[in-house]
Undergrad: 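Take this structure first; my questions come after.
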Amino acid sequence: MPPKVVCVVGPTACGKTKLGVEIAKRMNGEVVSTDSMQLYRGMVIGTAAPTAEEMEGVPHHMIGVADPAEQYSVARYVTEADACVQDILRRGKLPVLVGGTGLYLDALVRGNAFAPGGHDSAARAALQRRLDREGIEPLLEELRRVDPETAARLSPRDVKRILRALEVYHETGKTISQHNAATKEQPPRYDAVYIGLAFAHREDMKKLIDQRVDCMVEQGLPEEVGCLLASGLDRGATAWQAIGYKQFLAVADGHVSEAEAVEEVKLRSRQYAKRQLTWLRRNDSIHWIFWEKNRNFPEALQIATEILTAQGLF
RNA sequence: GCCUCUGUAGCUCAGUUGGUAGAGCAGUGGACUGAAAAUCCACGUGUCGUUGGUUCAAUUCCGACCGGAGGCA
């Protein structure tokens, strides 16, 4: 039986961070963040990364571990985060996985081995050049030939995935469908117990997201963006894709007003939360806790404890 | 007060030389295996401002009225 880990999941602004710390405190655990943006250094306010105070003395991992100029990836995340999980287990403590990036969490729990390649591979560079020169159609044509299954699955406009599929083929001689099928055969690396947090009504989630965005601006999101700019961070960096940072970069560049940026950040956060829910809904082993209007953490911790006890964790 | 423009989906607007209408955004659902806070897919019935008239038929033409914008006084 694989080692047990606790996962706290849910859309943005639903209280994962706080509940995660509470659970870790109660169960002799340490938190491993499963968030693709909190792992960049100096991006604290806009990613709602926990502060030292919010960590309440519980050790946290995978937060602020990468330079914003780096292009991170799931593959690298799994390697580094898994080392943290292993270390926590070795010390006899409970890993509590907390964060909003579904792909990262799933890959970590399943112990995904990713096919070679990546943004810095020669294959990717060559494909990118072909894309720039000839457009997507010849690439899609090639994919239809070597991996018809994937070609049929992807939209002709899903350039990212078409490139990746060809990249895997060029790098390994095997198709990405074969890689994915092989990954699915593998048993998961961890026995995950999922606690999901969500609002019962979407209007309540929207309200909280709006509040949180206003709060971020007050606490200095624009200044944080200013620091990233002052550090000379390239405008093409992955870190700028983070909601909040992208929009306040536009403010710094004089393209939009601060008020417009705030509205945009709220909107994008809402849409992001919706996508997170879509991702999570297909995981039917999540034990959901639904908030009514307000978030009641003592009660949630109580419910979570009962769930974890029933799973033999307490 | 007069003149001109304008009123169509939650929002911004297109359109119908008269046969009851469609884009973008928003919203909802979905996908996702080395960019994932990214990327991509699907879903469009609304008294066409109100009310009279002309017409086989009006959202479309004409009149009046009610909103909105601008101009002249």
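Convention: sequence-line order gives letters A, B, ...; per-chain numbering from 1. Values below: all heavy atoms of this structure, side chains included; hydrogens, waters and symmetry mates excluded.
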Undergrad: Tell me which nucleotide among B:rA35, B:rA26, B:rA37 gets nearest to the side chain of A:Thr101.
TA: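 Per side-chain heavy atoms of A:Thr101, the pick is B:rA37.
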Undergrad: Taking the nucleotide of RNA chain B with the closest heavy atom to each, which residue, A:Met37 or A:Asn180, is nearer the 5' end?
TA: A:Asn180
Undergrad: Closest-nucleotide mapping onto RNA chain B: is A:Gly244 or A:Ala113 further toward the 5' terminus? I mean the 5' end.
TA: A:Ala113
Undergrad: Heavy atoms only, 4.0 Å cut-off, all strands: where does A:Tyr104 land among base, sugar-phosphate and nothing?
TA: sugar-phosphate
Undergrad: Using side-chain contact (heavy atoms from CB on, under 4.5 Å), reason through A:Val168 and A:Thr175 one step at a time and then give a plain yes or no.
TA: CA-CA 6 Å; A:Val168 169; A:Thr175 66; over 6 Å; no
Undergrad: Less than 4.0 Å between a side-chain N and a carboxylate O, is that true for A:Glu22 and A:Lys18?
TA: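 Answer for the salt bridge query: yes.
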Undergrad: From CG of A:Asp35 over to P of B:rA38, roughly how many Å is that when rounded to an integer?
TA: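 From A:Asp35 CG to B:rA38 P: 12 Å.
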Undergrad: Please list all pairs meeting side chain to side chain donor-acceptor pair (under 3.5 Å) that have one or both residues in residues 240-249 of chain A, counting only residues at least two apart or in different chains.
TA: A:Glu224-A:Tyr245
Undergrad: Which whole number of Å gives the distance between the P atom of B:rG46 and that of B:rA9?
TA: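 Per the computed distance, 11 Å lies between those P atoms.
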Undergrad: If the P atom of B:rC61 is compared with that of B:rC2, how far apart are they to the nearest Å?
TA: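 Nearest-Å result for B:rC61 against B:rC2 at atom P: 23 Å.
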Undergrad: Base, sugar-phosphate alone, or nothing: which one does A:Gly102 contact when heavy atoms must sit under 4.0 Å apart?
TA: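 Nothing, no heavy atom under 4.0 Å.
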Undergrad: Considering only side-chain heavy atoms of A:Leu267, which listed nucleotide, B:rG34, B:rG29, B:rA26, is closest?
TA: B:rA26
Undergrad: With no hydrogens and no angle check, just 3.5 Å: does a side-chain donor-acceptor pair link A:Arg212 and A:Thr12?
TA: yes
Undergrad: Write down the distance between CZ (A:Phe114) and P (B:rC32), rounded to a whole number of angstrom.
TA: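 Value for this atom pair: 14 Å.
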Undergrad: Would you indicate, yes or no, if B:rC32 has its OP1 or OP2 atom less than 4.0 angstrom from a side-chain nitrogen or oxygen of A:Arg282?
TA: yes
Undergrad: Between B:rU47 and B:rU20, how far apart are the two C1' atoms, rounded to whole Å?
TA: 11 Å
Undergrad: In terms of heavy-atom contacts, does CZ of A:Arg157 have more than 12 from other residues, nucleotides or ligands at under 6.0 Å?
TA: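 Result for CZ/A:Arg157: open.
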Undergrad: Which residues in residues 207-239 of chain A have at least one heavy atom lying under 4.0 Å from any atom of RNA chain B?
TA: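 Per residue number, the list reads A:Thr238.
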Undergrad: Could you check whether A:Ser177 and A:Asp147, counting side-chain N and O atoms only, form a donor-acceptor pair closer than 3.5 Å?
TA: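 Their side chains do contain a donor-acceptor pair, which is all the 3.5 Å distance test asks for.
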Undergrad: If you check the A:Gln71 side chain, which of B:rC32, B:rA35, B:rA36 turns out closest?
TA: B:rA35
Undergrad: For A:Asn283 and B:rA31, give me the distance from atom CG to atom C1', rounded to whole Å.
TA: 16 Å
Undergrad: Side-chain atoms of residues 89-104 of chain A: list all donor-acceptor pairs with protein atoms under 3.5 Å, sequence neighbours left out, distances to 0.1 Å.
TA:
{"unit_1": "A:Arg91", "atom_1": "NH1", "unit_2": "A:Asp87", "atom_2": "OD2", "d": "2.4"}
{"unit_1": "A:Arg91", "atom_1": "NH2", "unit_2": "A:Glu30", "atom_2": "OE1", "d": "2.7"}
{"unit_1": "A:Arg91", "atom_1": "NH2", "unit_2": "A:Glu30", "atom_2": "OE2", "d": "2.2"}
{"unit_1": "A:Lys93", "atom_1": "NZ", "unit_2": "A:Glu30", "atom_2": "OE2", "d": "3.1"}
{"unit_1": "A:Thr101", "atom_1": "OG1", "unit_2": "A:Ser36", "atom_2": "N", "d": "2.9"}
{"unit_1": "A:Thr101", "atom_1": "OG1", "unit_2": "A:Ser36", "atom_2": "OG", "d": "3.4"}

Undergrad: Heavy atoms only, 4.0 Å cut-off, all strands: where does A:Ser269 land among base, sugar-phosphate and nothing?
TA: nothing
Undergrad: Whole-Å distance between B:rA37 P and A:Met43 CE?
TA: 11 Å
Undergrad: Using atom C1' of each nucleotide, how far apart are B:rU12 and B:rU6 to the nearest Å?
TA: 15 Å
Undergrad: Suppose you measure atom P in B:rU51 against the same atom in B:rU59; what distance do you get, rounded to whole Å?
TA: 10 Å
Undergrad: Would you kindly say whether A:Gln38 and A:His60 are connected by a side-chain donor-acceptor distance under 3.5 Å?
TA: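 Judged by distance alone, the side chains do not pair up.
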Undergrad: Treating a pair as Watson-Crick (purine N1 to pyrimidine N3 plus N6-O4 or O6-N4) or G-U wobble (N1-O2 and O6-N3) with both distances under 3.5 Å, list the stems of 3 or more consecutive pairs that involve RNA chain B.
TA: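 As far as RNA chain B goes, consecutive pairing (with distances under 3.5 Å) yields the stems B:1-7 with B:66-72, B:10-13 with B:22-25, B:27-31 with B:39-43, B:49-53 with B:61-65.
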Undergrad: For A:Trp279, is the NZ or CZ atom of A:Arg282 found under 6.0 angstrom from the centre of its six-membered ring and inside 45 degrees of the ring axis?
TA: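 Pair A:Arg282/A:Trp279 counts as cation-pi.
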Undergrad: Considering only nitrogen or oxygen atoms on both sides, find all protein atoms under 3.5 Å from nucleotides 40-44 of chain B and state each distance.
TA:
{"unit_1": "B:rC41", "atom_1": "OP1", "unit_2": "A:Arg157", "atom_2": "NH1", "d": "3.2"}

Undergrad: Could you check how far NZ of A:Lys246 sits from P of B:rA36, rounded to whole Å?
TA: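 Whole-Å distance recorded here is 11 Å.
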Undergrad: Taking the side chain of A:Ser36 as its heavy atoms from C-beta onward, which of B:rA37, B:rU28, B:rG34 lies nearest to it?
TA: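 Looking only at side-chain atoms, A:Ser36 lies closest to B:rA37.
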Undergrad: Could you check which of B:rA37, B:rG30, B:rG34 has an atom nearest any side-chain atom of A:Ser73?
TA: B:rG34
Undergrad: Supply the atom-to-atom distance A:Thr47 OG1 to A:Met216 CE, rounded to the nearest 0.5 angstrom.
TA: 7.0 Å
Undergrad: If you measure from the Lys or Arg side-chain nitrogens to the Asp or Glu carboxylate oxygens, is any gap between A:Glu167 and A:Arg164 under 4.0 Å?
TA: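 Salt bridge between A:Glu167 and A:Arg164, a charged N being under 4.0 Å from a carboxylate O: yes.
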Undergrad: Could you report the tightest heavy-atom contact between A:Val265 and A:Gly244, atom names first, then the distance?
TA: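 Between these two residues, the closest heavy atoms are CG2-CA, 3.7 Å.
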Undergrad: At under 4.0 Å between heavy atoms, what does A:Tyr72 touch on the DNA or RNA strands: base, sugar-phosphate, or nothing?
TA: sugar-phosphate
Undergrad: Could you measure between the two P atoms, the one in B:rG24 and the one in B:rG19, and give it in whole Å?
TA: 24 Å
Undergrad: Say you pick atom C1' in B:rA14 and the same atom in B:rU8; how far apart are they, in whole Å?
TA: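 Looking at atom C1' only, B:rA14 and B:rU8 are 10 Å apart.
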Undergrad: With salt bridge (charged side-chain N to carboxylate O under 4.0 Å, His left out) as the criterion, how do A:Asp120 and A:Arg124 come out once you've worked through the C-alpha distance, each side chain's angles and the decisive distance to 0.1 Å?
TA: CA-CA 7 Å; A:Asp120 52 358; A:Arg124 176 88 130 244; over 6 Å; no
Undergrad: Would you indicate which nucleotide in B:rA36, B:rU33, B:rA37 comes nearest to any side-chain atom of A:Trp279?
TA: B:rA36
Undergrad: Indicate, with a heavy-atom threshold strictly under 4.0 Å, whether A:Arg76 touches base, sugar-phosphate, or nothing.
TA: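 A:Arg76: no heavy atom of the nucleic acid under 4.0 Å.
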Undergrad: Take the protein atom CG of A:Leu103 and the nucleotide atom P of B:rA35, then report the distance between them rounded to whole Å.
TA: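 Rounded to whole Å, this separation is 9 Å.
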Undergrad: Can you identify which nucleotide, out of B:rA37, B:rG34, B:rG30, has its nearest atom closest to the A:Ala75 side chain?
TA: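 My answer, after comparing the listed nucleotides, is B:rG34.
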Undergrad: Apply side-chain contact (heavy atoms from CB on, under 4.5 Å) to A:Val262 and A:Phe248, showing your working.
TA: CA-CA 8 Å; A:Val262 167; A:Phe248 273 86; 4.0 Å; yes
Undergrad: When you measure from the side chain of A:Gln271, which nucleotide among B:rG34, B:rA37, B:rA26 comes out closest?
TA: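 Ranking B:rG34, B:rA37, B:rA26 by closest atom to the A:Gln271 side chain puts B:rA26 first.
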Undergrad: Take atom NZ of A:Lys274 and atom C1' of B:rA36, then tell me their distance rounded to the nearest Å.
TA: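 Value for this atom pair: 16 Å.
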Undergrad: From the list B:rG30, B:rA26, B:rG34, which nucleotide is the closest neighbour of the side chain of A:Thr278?
TA: B:rG30
Undergrad: Would you mind listing the cluster partners of A:Met1? Hydrophobic ones only (ILVMFWY), side-chain contacts under 4.5 Å, chaining allowed.
TA: none
Undergrad: Could you measure between the two C1' atoms, the one in B:rU17 and the one in B:rA58, and give it in whole Å?
TA: 15 Å
Undergrad: From NZ of A:Lys160 over to C1' of B:rA31, roughly how many Å is that when rounded to an integer?
TA: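 Distance check: A:Lys160 NZ to B:rA31 C1' gives 14 Å.
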